[in-house]
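Here is the structure we will look at, set down as structure tokens.
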Amino acid sequence: MEQIEINKEEQEEKLIYDAFRKLLDTYLASNHRKNTDIITRAFQFAKQAHKGVRRLSGEPYILHPIAVAQIACEEIGLGSTSICAALLHDVEEDTDYTYEDIRNLFGQKVADIVEGLTKISGGIFGDRASLQAETFKKLLLTMSDDIRVILIKISDRLHNMRTLSSMAPNKQYKIAGETLYIYAPLADRLGLNKIKTELEDLSFRYEHPDTYKFIQEKLKSTESERELIFGDFTPPIRTALDKMGLKYEITSRVKSPYSIWRKIQDKKVSFEEIYDILAIRIVFQPLKEEEEINECFNIYVALTQIYKPHPERTRDWVNHPKANGYQGLHVTLMSNQGNWVEVQVRSQRMDEIDEKGVAAHWKYKDRNRVSDEADEKIDKWLHTIKEILNDPQPDTLDLLDTIKLNLFAKEIIVFTPKGDIKSLPADATALDFAFSIHTMLGTHCIGAKVNHVLQPLMYRLKGGDQVEILTSNRQQVKREWLSYVTTAKAKSKIQASLRRMDREIQHEGNKILQVFLEHKDLEFNSTNIEKLRHYHHFHSRDELLMAIGNKELVLTEQDASFLKGKGLSTWRRFLPFKSNKVQENEEENHVDFLSSLDHKKVLTLTDSNIHQCVIADCCQPIPTDDALGYIDASLGRLVIHKRRCDEATRLKSNFGNNIIAVKWDMHSTLFKACIAIIGIDKKGILLQIANTLYTQEHINVTALTIESKDGVFEATINIMVHNTDEVNNICTSLKEIENIVKVYRKD
């Protein structure tokens, strides 16, 4: 037995040193200065600090920091300072060593990065919602001081996602939700395309394992078709590039499973209807560095002489890089076999920037003007984030959604009346433009002249627009403006103004309530205010005071009677099903059900316990949908959401510890579902739809609406079903009707 233990220790030691040797080899093969001494010391220090500690998977803990450092070095391209910080990133949090210890041993820079990582440890989100958002705020503040903090944090998250199988299902959903909500967008915004794609795919794999497997199998079964297209399409291109004397590489790129799934969901199409699964990438070495952009367009000209380009699918991100610094020339060409094929043209520099993002910008910073511009865009974005963070945020959960607006933003260029250029996210409105110039301009904005034509606040700007903002001193910020804006800056400024206005209304409501209670010989105290809040079903004290201050709630004798304990209001006495006793019993049942839940186990939803839950209106899950449960404290209920629902993604990110993993085992309960149909309007089509529905057993149709315009009809059918199989069967039967073009289940 002792011998087995020794052998196991020896195997683990070999595993650890092999992993570290690989890290050193990767670093030595990079372009960084070869400072291996400090990396070796950091490894030895971290190994000793984590001695005897194991991960949930059972492996020695030190393998995790080594893996994080490997990702930071190999996949992002960071140097010795970042590698040391990655090796030490959990030391300060998990051991007795302090910031001062790390600074004395490894220097100020390494210690500052480790300190930044320690502040945002344990994932972005903690046990309580306010702490979650506060920690996210710390992450962004630290990131704006030293971008390496977030790059190492993304490396940490990527390794956690790669080893997520050892976690309980509810933790998997929480971590996958955080990853999709924050880390993948951050990776994308920082130009880490490869990592962004892997984070999305891993999240998708854990949240929707069956769908992920289905798409993987589909990709495998259609691989030979793509190889045939690639083999036929590329030889003429190679001949043309050889004539130009270029050194190049042509590869095929397959759309990721997550991207395919998103397209299936967004476009309501099948796998077979997605035509851009294959793309071809040309990466070339410029003959002259200063002619790099011209050579991109020379290749484009050569391509369009071989194949016909799609007139609306050419994207010039060479002269106009994306917000994350990405450059490339994309053109969609018609092959000889009648297939549209996207071709991406990039130089080696552009390709490396696509893989390694901001880290690659540093490498090329002194050599290329466009890299400087890309750096400037990243700096500008970080400045905007910092500006938002400097605003007071009483409700810090709003911060998550506000910042999210800036993460995935694609950009357009617009002009001021004097011809100055302003860069804004696509879909930005005139009001966004006003706030981007100055807060006061946005606050008093009443409209805009776009290309000398008067337009309203919510007008969506297009690239090349010239915008002049019109103002009035009497104009004030309005709550509906939040639905007009898309930029994080505008939203945060509007929310700050609304909070100031709300405080004034709440102060007025507080005065009215105090006078009312004193007039009725009641104490103005927290107990009575809380009783009134519950009585009128407000979520918070502030909401109650707002309603009173706005005169939406007028306090009456009935409120005074309730506070004095004179029983139920008149109308409630005549409704026996609303008696206190019945309500108390219902509440006790829900409390018992919630208290019986085990976060570490998967809850089986059955016909007997489903009535203790609430089916979310936003996504209306039904049996066999990938679903999860969320313990809603305000309702005192378990709310069932689809895992892919936008609200579920937000809940996983903000309230991860309230998530329960669920599975279905139901047979008799009926659920609401909605089916949409689009087709050519021909005589008798409604009768054919009705006959098809009539032949479906166990299907209850509750509503059918149909509308026809210009020879095309759209119909919506509400039905009651037992599971998704029944919905799929109906959709399949309806698709067989002649002249029906599309049938899909609506969320």
Side-chain angles (χ1 to χ4, degrees), residues 56-57 123 125-129 132 160-161 164-181 202-213 585-673 720-727 745 747:
L56 283 176
S57 60
F125 309 100
D127 291 337
R128 285 170 289 171
Q132 292 165 2
N160 284 333
M161 288 301 297
L164 196 58
S165 58
S166 56
M167 304 287 279
N170 69 309
K171 290 287 185 186
Q172 289 178 354
Y173 302 154
K174 172 186 180 289
I175 292 167
E178 281 179 10
T179 301
L180 272 183
Y181 193 72
L202 286 168
S203 299
F204 175 41
R205 177 182 161 193
Y206 282 103
E207 291 215 287
H208 306 282
D210 294 337
T211 313
Y212 178 83
K213 187 180 175 185
N585 288 340
E586 284 179 4
E587 286 170 11
E588 280 176 19
N589 288 338
H590 296 317
V591 169
D592 290 343
F593 175 67
L594 291 179
S595 62
S596 70
L597 297 177
D598 185 343
H599 286 69
K600 294 180 181 177
K601 293 181 180 177
V602 179
L603 171 68
T604 302
L605 298 174
T606 64
D607 292 309
S608 58
N609 70 14
I610 193 67
H611 303 294
Q612 302 275 19
C613 307
V614 174
I615 301 298
D617 284 332
C618 53
C619 54
Q620 294 193 333
I622 61 178
T624 66
D625 276 333
D626 288 336
L628 55 78
Y630 166 67
I631 299 173
D632 189 322
S634 63
L635 290 175
R637 294 283 193 98
L638 185 71
V639 183
I640 310 300
H641 286 270
K642 286 182 186 172
R643 284 183 219 154
R644 67 177 175 84
C645 161
D646 289 340
E647 178 63 10
T649 302
R650 192 184 72 82
L651 293 171
K652 280 177 282 185
S653 303
N654 294 339
F655 308 98
N657 296 303
N658 286 6
I659 298 298
I660 298 286
V662 300
K663 65 178 181 181
W664 305 91
D665 184 18
M666 307 191 63
H667 309 286
S668 59
T669 308
L670 289 168
F671 292 81
K672 288 188 289 185
M720 301 297 289
V721 294
H722 295 99
N723 51 49
T724 57
D725 289 340
E726 292 181 354
V727 178
R745 176 183 164 197
D747 287 338

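From a predicted model like this one, the values you see are computed outputs, not experimental measurements. We count residues from 1, following the sequence as given.
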In the structure I gave you, are the side-chain heavy atoms of [X] and [Y] within less than 4.5 Å of one another anywhere?
X    : Y    : answer
I660 : N170 : no
M720 : K672 : yes
T669 : H722 : no
R644 : T211 : no
W664 : N723 : no
L164 : L202 : no
V614 : D632 : no
M161 : S203 : yes

Q: Show your working on side-chain contact (heavy atoms from CB on, under 4.5 Å) between C619 and E647 and close with a plain yes or no.
A: CA-CA 9 Å; C619 54; E647 178 63 10; over 6 Å; no

Spacing of [X] atom [atom1] and [Y] atom [atom2] [to the nearest 0.5 Å]:
X    : Y    : atom1 : atom2 : value
L180 : D646 : CG    : CG    : 10.5 Å
D607 : L670 : CG    : CG    : 9.5 Å
E178 : T649 : CD    : OG1   : 12.0 Å
H208 : D626 : NE2   : CG    : 5.5 Å
L603 : L638 : CG    : CG    : 6.5 Å
I640 : I622 : CD1   : CD1   : 14.0 Å

Q: Look at the side chain of R643 and the backbone N and O of E207, then say whether any donor-acceptor pair between them is shorter than 3.5 Å.
A: yes

Tell me the closest heavy-atom pair linking [X] and [Y], and the distance in Å.
X    : Y    : answer
H641 : A648 : CB-CB, 3.8 Å
F671 : P621 : CD2-O, 4.0 Å
V727 : A673 : CG2-CB, 4.0 Å
S165 : Q172 : O-NE2, 3.7 Å
Y173 : Y206 : CE2-O, 3.8 Å
V602 : P169 : CG2-CG, 3.7 Å

**Q.** Heavy atoms of other groups near D725 CG, more than 12 under 6.0 Å
**A.** yes

Q: Show your reasoning for whether side-chain contact (heavy atoms from CB on, under 4.5 Å) applies to I610 and I615.
A: CA-CA 9 Å; I610 193 67; I615 301 298; 4.1 Å; yes

Q. What residue pairs, at least two apart or across chains, pass salt bridge (Lys or Arg N to Asp or Glu O under 4.0 Å) with a residue in residues 614-625?
A. D625-R745

**Q.** Test side-chain contact (heavy atoms from CB on, under 4.5 Å) applied to D210 - qualifying residues, sequence neighbours left out
**A.** none

**Q.** side-chain contact (heavy atoms from CB on, under 4.5 Å) partners of L56, counting only residues at least two apart
**A.** S166, M167

